[in-house]
Amino acid sequence: MPRTHDYDVTITWTGNRGTGTSGYRAFDRDHEITAPGLPPIPGSSDPAFRGDASRWNPEQSLTASLSQCHMLWYLHLCAVAGVVVTDYTDEAHGTMAETPDGGGHFTEVVLRPRVTVTSPEMIDKATDLHAAANEKCFIARSVNFPVRHEPVVGVAGS
């Protein structure tokens with residue numbers, strides 16, 4: 001029997017200015033994302049949809065989740081394969097298209113990991129492991145749009 005994992009979060013709307021949703025411009029999109037034992041994450045909608053630019057929006061969170069999941073699988077696979085990673089940064093980019101009905105959908109996310117390894121002999125394997133990480137990533141396997149990778153791997157000290 002397969003193992004299952006459950007994830008509980010609470011989203012609490014904090015944007016009521018006193019009249020609730022009495023009008024489209026009468027309320028803020030602010031909210032907090034909480035989970036037991038963790039600090040709250042301030043959320044809002046994208047500023048294009050009347051949100052607060054100083055708070056995380058769902059589109060950023062989805063892009064970040066894909067980047068985090070990929071990185072964690074990648075580091076695991078590198079450790080198992082004997083590829084020693086000493087630095088990892090990803091400047092991920094998500095693209096969402098609005099639809100005529102007022103909705104929208106992601107068209108792709110591009111991950112751009114910059115990885116540092118300890119030896120030139122590790123570069124090819126380190127590059128190849130990005131494909132394996134994408135195949136393992138729970139989040140990437142759950143979305144209905146492409147998650148592309150543009151990795152750059154370098155050697156420490158060069």
Side-chain angles (χ1 to χ4, degrees), residues 2-11 28-35 37-158:
R3 294 182 357 194
T4 62
H5 303 271
D6 300 307
Y7 303 93
D8 297 314
V9 298
T10 301
I11 307 297
D28 293 328
R29 278 59 179 174
D30 295 358
H31 56 274
E32 283 192 348
I33 305 160
T34 57
L38 298 173
I41 298 171
S44 190
S45 62
D46 183 303
F49 308 109
R50 305 193 51 78
D52 181 343
S54 70
R55 293 170 162 257
W56 282 84
N57 66 56
E59 296 80 16
Q60 290 170 318
S61 297
L62 177 60
T63 303
S65 292
L66 285 160
S67 179
Q68 286 176 278
C69 186
H70 180 85
M71 178 194 68
L72 294 168
W73 267 110
Y74 179 78
L75 295 174
H76 169 81
L77 294 171
C78 284
V80 170
V83 174
V84 181
V85 174
T86 59
D87 193 47
Y88 184 108
T89 303
D90 183 11
E91 295 184 10
H93 177 81
T95 302
M96 185 189 74
E98 290 186 54
T99 54
D101 65 0
H105 61 271
F106 269 74
T107 57
E108 76 172 353
V109 167
V110 180
L111 305 181
R112 296 184 179 112
R114 303 297 178 254
V115 179
T116 303
V117 296
T118 58
S119 167
E121 294 78 29
M122 296 177 184
I123 290 176
D124 289 341
K125 185 67 174 172
T127 301
D128 292 344
L129 284 172
H130 283 285
N134 187 58
E135 292 173 11
K136 296 284 189 187
C137 173
F138 310 132
I139 310 296
R141 292 174 62 155
S142 300
V143 298
N144 64 353
F145 53 84
V147 179
R148 295 189 304 111
H149 307 91
E150 297 174 354
V152 173
V153 179
V155 177
S158 24

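In this chain, numbering begins with 1 at the start of the sequence shown.
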Is the shortest side-chain heavy-atom distance between T34 and L38 below 4.5 Å?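 With C-beta onward as the side chain, the pair stays apart.
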Can you find a heavy atom in the side chain of F106 that is under 4.5 Å from one in the side chain of L62?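 With C-beta onward as the side chain, the pair touches.
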From [X] [atom1] over to [Y] [atom2], what is the distance, rounded to the nearest 0.5 angstrom?
X	Y	atom1	atom2	result
L66	S142	CG	OG	9.0 Å
L111	Q68	CG	CD	11.5 Å
I33	I41	CD1	CD1	5.0 Å
T95	F145	OG1	CZ	10.0 Å
L129	H149	CG	NE2	12.0 Å
R55	D30	CZ	CG	4.0 Å

Give the minimum heavy-atom separation between [X] and [Y], together with the two atoms involved.
X	Y	answer
T63	A92	CG2-CB, 3.8 Å
S65	I139	O-CG1, 4.1 Å
T107	A97	CG2-CB, 3.8 Å
V117	V85	CG1-CG2, 4.3 Å
C137	C69	SG-SG, 2.5 Å
A126	V153	CB-CG1, 3.9 Å

For the side chain of [X] and the backbone of [Y], is there at least one donor-acceptor N/O pair under 3.5 Å apart?
X	Y	value
T127	I123	yes
D87	V115	no
H31	R29	yes
S45	G51	yes

Once salt bridge (Lys or Arg N to Asp or Glu O under 4.0 Å) is applied, what residue pairs with a partner in residues 60-71 remain, sequence neighbours excluded?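 Residue pairs with at least one partner in residues 60-71: there are none.
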Where at least one partner belongs to residues 113-142, residue pairs that pass salt bridge (Lys or Arg N to Asp or Glu O under 4.0 Å), sequence neighbours excluded: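 The answer is none; no pair qualifies.
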For R148, which residues count as a salt bridge (charged side-chain N to carboxylate O under 4.0 Å, His left out) partner, sequence neighbours excluded?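 Salt bridge (charged side-chain N to carboxylate O under 4.0 Å, His left out) list for R148, sorted by chain: E108, E150.
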Non-neighbouring partners of D28 that pass salt bridge (charged side-chain N to carboxylate O under 4.0 Å, His left out), sequence neighbours left out: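 R17.
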Listed partners of H130 passing ring-ring contact (aromatic ring centres under 6.0 Å, His included), at least two apart: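 Listed in chain order: H70, Y74.
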Please enumerate all residues that pass ring-ring contact (aromatic ring centres under 6.0 Å, His included) together with H76, with sequence neighbours excluded.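 Expected list: W73.
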